[in-house]
Number of protein chains: 2
Amino acid sequence: MIDDIDVQILTILQENARTSNAEIARQVGKTASAVFERIKKLEKTGVVKGYTAVVDPAALECSVLAYVFLRLSPHRLARTVGAQLTEIAGIQEVIHMTGEECFLVKVRCKDTEALERIVMSINDIDTVSSTRTVIAFRAMRESLVIPVGG
Amino acid sequence: MIDDIDVQILTILQENARTSNAEIARQVGKTASAVFERIKKLEKTGVVKGYTAVVDPAALECSVLAYVFLRLSPHRLARTVGAQLTEIAGIQEVIHMTGEECFLVKVRCKDTEALERIVMSINDIDTVSSTRTVIAFRAMRESLVIPVGG
DNA sequence: GGTGAAATGCTATTAAC
DNA sequence: GTTAATAGCATTTCACC
């Protein structure tokens with residue numbers, strides 16, 4: 001389904017999504033049109049979900065980073081809550097996880113007042129029984145790159 | 001320093017980093033060369049840190065997602081520990097944050113055995129006094145896109 | 001200092017094999 | 001998967017405001 005050449009292509013695109021197909025072709029030893037077809041296929045089958053620019057949050061006046069931990073009651077409605085959370089602006093990550101605090105939500109916003117608004121709108125969801133918010137001093141690494149061979 | 005056109009360009013590139021300069025130019029009402037210059041400048045000034053493909057972890061046999069919470073002693077060495085953590089393969093996020101568990105580490109790997117290895121190598125760092133690991137059922141949203149106007 | 005217009009060598013994309 | 005063909009694109013240069 002996915003061969004070594006595909007893995008090479010994915011590695012290159014994770015490193016720099018704007019690499020031209022011609023350049024990728026050179027690096028993997030195929031023609032540009034072969035690479036083109038492979039990338040289209042990877043996109044169509046959902047292996048590649050998209051391409052994004054990594055932007056400095058400070059440049060967009062979005063310097064507050066926080067994590068919110070949720071408890072639900074009843075937990076049975078986790079799916080619905082997850083979907084509702086993903087709709088809230090400023091929420092970058094919604095993770096359903098093990099433990100009593102069964103949701104982790106990563107939030108980015110302009111200032112602590114905006115954070116308050118977001119946390120309040122999370123608390124507005126019926127099924128959410130409590131939240132605990134932790135503010136980040138600093139992100140020392142943030143990446144979506146999937147490690148290969150790990 | 002950054003004007004409305006730049007914000008528009010950043011929004012487009014965050015949505016799809018492979019959008020051509022010509023297409024961006026059409027959308028923001030400028031010429032391709034003007035857009036080209038602006039993007040180069042945004043890259044040079046560090047506003048744009050890079051471009052990455054968003055890949056489905058399962059396709060690369062990397063289906064385990066976990067979060068590890070750390071306590072340090074002494075906390076004074078946070079900077080050093082942060083740098084050491086970013087070096088470990090499979091660690092996607094390293095966040096220095098408020099609270100007793102002052103580091104959050106996001107890990108992606110193949111299976112729970114690989115996770116054990118990673119958590120053990122975190123525990124091997126002298127300054128790390130304890131770790132608490134939580135495994136994710138599922139990521140319902142994962143994004144690096146900076147919200148604009150929030 | 002950023003912009004638009006023209007020039008050129010590459011690139012994406014398609015079609016035929 | 002390749003090759004060949006074409007339309008479109010990235011990138012440079014330069015005159016302009």
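We name chains A, B, ... by the order of the sequence lines, and we start the count at 1 in each one. All values below come from the heavy atoms of this structure, side chains included, with hydrogens, waters and symmetry mates left out.
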If you count the non-hydrogen atoms of other residues, nucleotides and ligands that lie under 6.0 Å from CG in N123(B), is the total more than 12? yes
Integer-rounded Å distance: dC9(D) C1' and E23(A) CD: 16 Å
For a 4.5 angstrom cut-off between non-hydrogen side-chain atoms, does R18(B) reach L13(A)? yes
Taking the side chain as everything from C-beta on, heavy atoms only, tell me whether R138(A) gets closer than 4.5 Å to M97(B). no
How long is the line joining CG of N21(B) and P of dT12(D), in whole Å? 11 Å
Which residues within residues 25-54 of chain A lie with some heavy atom under 4.0 Å of an atom in DNA chain C? R26(A), S33(A), F36(A)
Rounding to a whole Å, what distance do you find between R18(A):CZ and dT11(C):P? 14 Å
Is it true that F69(A) and F69(B) have ring centroids separated by less than 6.0 Å? yes
Less than 4.5 Å apart, any side-chain heavy atom of E15(A) and any of T52(B)? no
